[in-house]
Asks: 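If you scroll down you'll find the structure; I have some questions about it.
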Amino acid sequence: MKIPVLRLKNILLTSIQVDLTDEDALNFQEDLLKAVQINDADGVIIDITALDVVDSFLARVLNETAVMAKILGAEAVISGMQPDVALTLVEMGRELIGVSTAINLDHGMEKLQALISKRAGGV
Amino acid sequence: MEAKKIEIKNSRDVVTARKMGRKMALELGFGSADQTRLATAISELTRNVVQYAGTGLCTITDQSNKNEIKIVTAVEDAGPGISDIDKALEQGYSSGGGMGAGLPGAKRLVQEFGIDSVPGNTVVTITLRRKKI
């Protein structure tokens, strides 16, 4: 199951639309990080609007993917988490720690651009 | 009493099992948060089967009665077993290189949680229940 990674100017846009197996999630992580390097991306958005389950494994993979992207030098935002998913993750004691999140793709885009200009030394 | 049995052999079966749990919760009238809780808990437990035992069985049973809607899910395997159950339920403890969030996480999502484990037979049972309105 390949998750498309779209390039939009200086950022990469991905949207997880299917229920991922653990292997799918790890492949996605690898693909996205390679795409960050190949495209010299300033930031990535991972939209999870379509996910109705994020268990501890996927939460960890998403969390780590965002951290890894940052280590590579790109900013990362996760957008569109469903309220039921947020509720379940917090009840389980798992949160996306240290990751920028946004309520939807629109706000995710704004947040990402702000993070990128902040890192570039802007306001 | 409707029961669904899903053989757990790989991570694709984990996805199948949690979808099945969500579907039954939806059909019985559980709200979307409960559907997500059950699907997530099943995902954690069946992943443990794949990770620690290799294969196992997930049985999702409708045990609703006139007062409440109730789903009992039993996840069993013939793996090495859990030697220290209290320890396995501690947040952050893992014997398998994971985050240690699986069992304690699943426990927090449901109303009842039980483990019976001896070497060669482990059964984790979770119950989701709500009063009928």
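Within every chain, numbering begins at 1; the chains are lettered A, B, ... in the order of the sequence lines, protein sequences first and strands thereafter.
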Asks: Grouping I, L, V, M, F, W and Y whenever their side-chain heavy atoms are under 4.5 Å apart, do A/Leu51 and A/Met92 come out in a common cluster?
Replies: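 Looking at the clustering, A/Met92 is in the same group as A/Leu51.
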Asks: Please state whether the side chain, the backbone, both or neither of B/Lys19 comes within less than 4.5 Å of a heavy atom of chain A.
Replies: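 Side chain of B/Lys19 only, per the 4.5 Å heavy-atom cut-off to chain A.
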Asks: Are A/Ile46 and A/Leu72 in one and the same hydrophobic cluster, where Ile, Leu, Val, Met, Phe, Trp and Tyr link if side-chain heavy atoms are under 4.5 Å apart?
Replies: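 Yes.
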Asks: Would the number of heavy atoms belonging to other residues, nucleotides or ligands and lying under 6.0 Å from NZ of B/Lys23 be above 12?
Replies: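 Open: at most 12 neighbouring heavy atoms sit under 6.0 Å from NZ of B/Lys23.
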Asks: Report, as yes or no, whether the 6.0 Å neighbourhood of atom CD on B/Glu7 holds more than 12 heavy atoms from other residues, nucleotides or ligands.
Replies: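 No, CD of B/Glu7 has 12 or fewer neighbouring heavy atoms, counting only those of other groups under 6.0 Å.
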Asks: Determine which residues belonging to residues 31-42 of chain B lie within contact range of chain A, meaning some heavy atom pair is under 4.5 Å apart, and list them by number or answer 'none'.
Replies: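 So the qualifying residues are B/Ser32, B/Ala33, B/Thr36, B/Arg37, B/Ala39, B/Thr40.
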Asks: Is chain A contacted by the side chain of B/Arg12, its backbone, both, or neither, given a heavy-atom distance below 4.5 Å?
Replies: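 Answer is both: backbone and side chain atoms of B/Arg12 are under 4.5 Å from chain A.
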Asks: Among B/Val14, B/Asp13, B/Val15, B/Thr16, which one satisfies side-chain contact (heavy atoms from CB on, under 4.5 Å) with A/Thr21?
Replies: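 It is B/Val15; the other options fail the test.
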Asks: Do A/Val44 and A/Leu112 land in one hydrophobic cluster if side-chain heavy atoms of ILVMFWY residues count as linked below 4.5 Å?
Replies: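 Different hydrophobic clusters.
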Asks: Working to the nearest 0.5 angstrom, can you tell me the gap between B/Arg18 CZ and A/Asp19 CG?
Replies: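 Going from the CZ atom of B/Arg18 to the CG atom of A/Asp19 covers 4.0 Å.
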Asks: Of all heavy-atom pairs between B/Arg22 and A/Asp52, which one has the smallest distance, and what is that distance?
Replies: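 Shortest heavy-atom contact: NH2-O, 2.7 Å.
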Asks: Residues of residues 22-34 of chain A under 4.5 Å from chain B (heavy atom pairs)?
Replies: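 A/Asp22, A/Glu23, A/Asp24, listed by number.
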Asks: Which of residues 55-70 of chain B get closer than 4.5 angstrom to chain A, counting heavy atoms alone?
Replies: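 Listed by number, there are no contacting residues, so the answer is none.
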Asks: Would the number of heavy atoms belonging to other residues, nucleotides or ligands and lying under 6.0 Å from CD1 of A/Ile103 be above 12?
Replies: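 At most 12 heavy atoms, drawn from other residues, nucleotides or ligands, come within 6.0 Å of this atom.
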Asks: Determine whether B/Val110 and B/Leu28 fall in the same hydrophobic cluster, where Ile, Leu, Val, Met, Phe, Trp and Tyr are linked whenever their side-chain heavy atoms lie under 4.5 Å apart.
Replies: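 Yes, same cluster.
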Asks: Taking B/Met24 as the starting point, is it possible to reach B/Leu45 by hopping between hydrophobic residues whose side chains are less than 4.5 Å apart?
Replies: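 Yes, same cluster.
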Asks: Restricting to side-chain contact (heavy atoms from CB on, under 4.5 Å), what partner residues turn up for B/Val123, sequence neighbours left out?
Replies: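 B/Val123 satisfies side-chain contact (heavy atoms from CB on, under 4.5 Å) with B/Ala74, B/Glu76, B/Asn121, B/Thr125 once adjacent residues are dropped.
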